[in-house]
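In what follows, a single structure is set out as structure tokens and then discussed.
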Amino acid sequence: MKIKLLFLYSLFLMASFCERNDLPKDKVSIENETFIYLYFKTEKECLDAQPTDFFINCHSEINFLENGLAEIILTDIIWRGEYTVVKKNIIVTFKDNYEVPKGTIVFQIINKSKIKRLDDNTVWNKMTGDSIWD
């Protein structure tokens with residue numbers, strides 16, 4: 001009886017030292033996250049730069065959806081593609097996208113709140129609120 005209790009106590013003790021993480025410590029989950037690159041520092045600067053006959057975008061945006069799908073806005077069109085994460089790189093591929101003639105954009109994960117687009121070295125920040133200016 002004492003051996004069974006000692007064995008159960010040992011199992012309980014070992015289990016209490018185990019930590020459950022969904023991802024290894026060096027991995028960053030991007031699923032259901034949005035990252036933006038602002039063309040202007042403030043909303044006022046963006047509004048002041050607008051021509052009178054149309055509206056220019058104040059930012060670019062990428063949404064990493066479920067099942068490896070991504071949506072990106074580079075100018076004024078939403079393009080849908082697929083993404084995969086390989087080590088610290090996010091590889092986003094598109095079909096028939098004239099804004100991405102090579103069909104691929106690669107981002108490097110800097111940390112949980114920043115990614116870097118490798119073809120133009122722009123740093124995109126994780127969107128945290130309902131507005132791009134948060």
Side-chain angles (χ1 to χ4, degrees):
M1 181 72 172
K2 288 182 182 182
I3 294 176
K4 287 182 183 179
L5 286 174
L6 183 60
F7 178 73
L8 288 174
Y9 178 74
S10 299
L11 283 177
F12 176 75
L13 188 62
M14 286 187 293
S16 67
F17 286 111
C18 294
E19 182 178 328
R20 178 172 163 78
N21 286 331
D22 291 336
L23 296 170
K25 290 182 181 180
D26 62 339
K27 297 282 184 184
V28 175
S29 175
I30 59 167
E31 188 173 288
N32 296 316
E33 298 292 354
T34 299
F35 290 83
I36 57 172
Y37 175 72
L38 296 175
Y39 301 136
F40 302 92
K41 290 183 181 182
T42 66
E43 184 176 14
K44 181 176 181 346
E45 284 181 22
C46 176
L47 294 175
D48 289 346
Q50 298 302 318
T52 58
D53 54 345
F54 66 97
F55 190 83
I56 59 172
N57 281 358
C58 298
H59 76 295
S60 285
E61 173 178 317
I62 187 162
N63 301 299
F64 296 104
L65 308 172
E66 294 175 351
N67 301 318
L69 296 176
E71 292 180 340
I72 193 166
I73 303 171
L74 296 172
T75 56
D76 62 346
I77 299 171
I78 299 173
W79 298 99
R80 184 168 268 205
E82 297 177 345
Y83 74 91
T84 56
V85 178
V86 179
K87 296 186 181 180
K88 291 194 175 214
N89 291 329
I90 307 164
I91 303 163
V92 188
T93 55
F94 302 94
K95 293 180 183 173
D96 303 323
N97 180 331
Y98 67 85
E99 289 188 275
V100 185
K102 294 182 181 178
T104 303
I105 297 176
V106 179
F107 292 91
Q108 181 181 54
I109 300 171
I110 297 173
N111 57 39
K112 291 181 181 182
S113 61
K114 293 181 186 293
I115 59 176
K116 180 178 170 182
R117 185 174 165 180
L118 295 183
D119 61 343
D120 64 5
N121 290 319
T122 54
V123 175
W124 298 43
N125 295 304
K126 184 176 174 181
M127 191 167 158
T128 56
D130 293 332
S131 169
I132 64 171
W133 305 110
D134 286 342

### Message
With a 4.5 Å cut-off on side-chain heavy atoms, are K116 and T122 touching?
### Response
no

### I77, CD1 atom: more than 12 neighbouring heavy atoms under 6.0 Å
yes

### Task
Decide if atom CG of D53 counts as having more than 12 heavy atoms of other residues, nucleotides or ligands within a radius under 6.0 Å.
yes

### Query
Which heavy atom in N97 sits nearest to a heavy atom in E99, and how many Å separate them?
OD1-N, 2.7 Å

### Task
Please report the shortest heavy-atom distance between K126 and K112, naming the atom on each side.
CD-O, 3.5 Å

### Residues forming a side-chain contact (heavy atoms from CB on, under 4.5 Å) with I91, sequence neighbours excluded
T84, V86, T93, T104, V106

### Message
Any non-hydrogen side-chain atom of I109 less than 4.5 Å from a side-chain atom of V85?
### Response
yes

### Query
Taking C-beta and beyond as the side chain, do I62 and Y37 meet within less than 4.5 Å on heavy atoms?
no

### Query
Above 12 or not: heavy atoms from other molecules or residues under 6.0 Å from CG of D120?
yes

### Task
Would you indicate whether the side-chain heavy atoms of L74 and V100 approach each other to under 4.5 Å?
yes

### Summary
Minimal heavy-atom distance between H59 and I132, with the atoms involved, is ND1-CD1, 3.5 Å

#### Entry: Qualifying ring-ring contact (aromatic ring centres under 6.0 Å, His included) pairs with a residue from residues 70-92, counting only residues at least two apart or across chains
F64-Y83, W79-Y98

### Separation between CD1 of I72 and CZ of R80, rounded to the nearest 0.5 Å
13.5 Å

### Message
Under 4.5 Å between side-chain heavy atoms, counting indirect links through other Ile/Leu/Val/Met/Phe/Trp/Tyr residues: same cluster for I115 and Y39 or not?
### Response
yes

### Message
I'd like to know if F107 and L65 are part of one continuous hydrophobic network [Ile/Leu/Val/Met/Phe/Trp/Tyr, side-chain heavy atoms within less than 4.5 Å].
### Response
no

### Message
Taking atom CG as the centre, does N121 end up with more than 12 heavy-atom neighbours from other residues, nucleotides or ligands that are less than 6.0 angstrom away?
### Response
yes

### Query
Side chains of N63 and M127: closer than 4.5 Å at any heavy-atom pair?
no

### Message
Tell me the closest heavy-atom pair linking Q108 and L118, and the distance in Å.
### Response
CB-CD2, 3.8 Å

### Query
Does any non-hydrogen side-chain atom of F94 lie less than 4.5 Å from one of I105?
yes

### Message
Tell me whether the count of non-hydrogen atoms from other residues, nucleotides or ligands lying under 6.0 Å of CD in E45 goes above 12.
### Response
yes

### Task
Taking the side chain as every heavy atom from C-beta outward, state whether T34 and W124 have any atom pair closer than 4.5 Å.
no

### Query
Is I56 linked to W133 within one hydrophobic cluster, defined over Ile, Leu, Val, Met, Phe, Trp and Tyr using a side-chain heavy-atom separation of less than 4.5 Å?
yes

### Query
Once you round to the nearest 0.5 Å, how far does CZ of F40 lie from CD of Q50?
6.5 Å

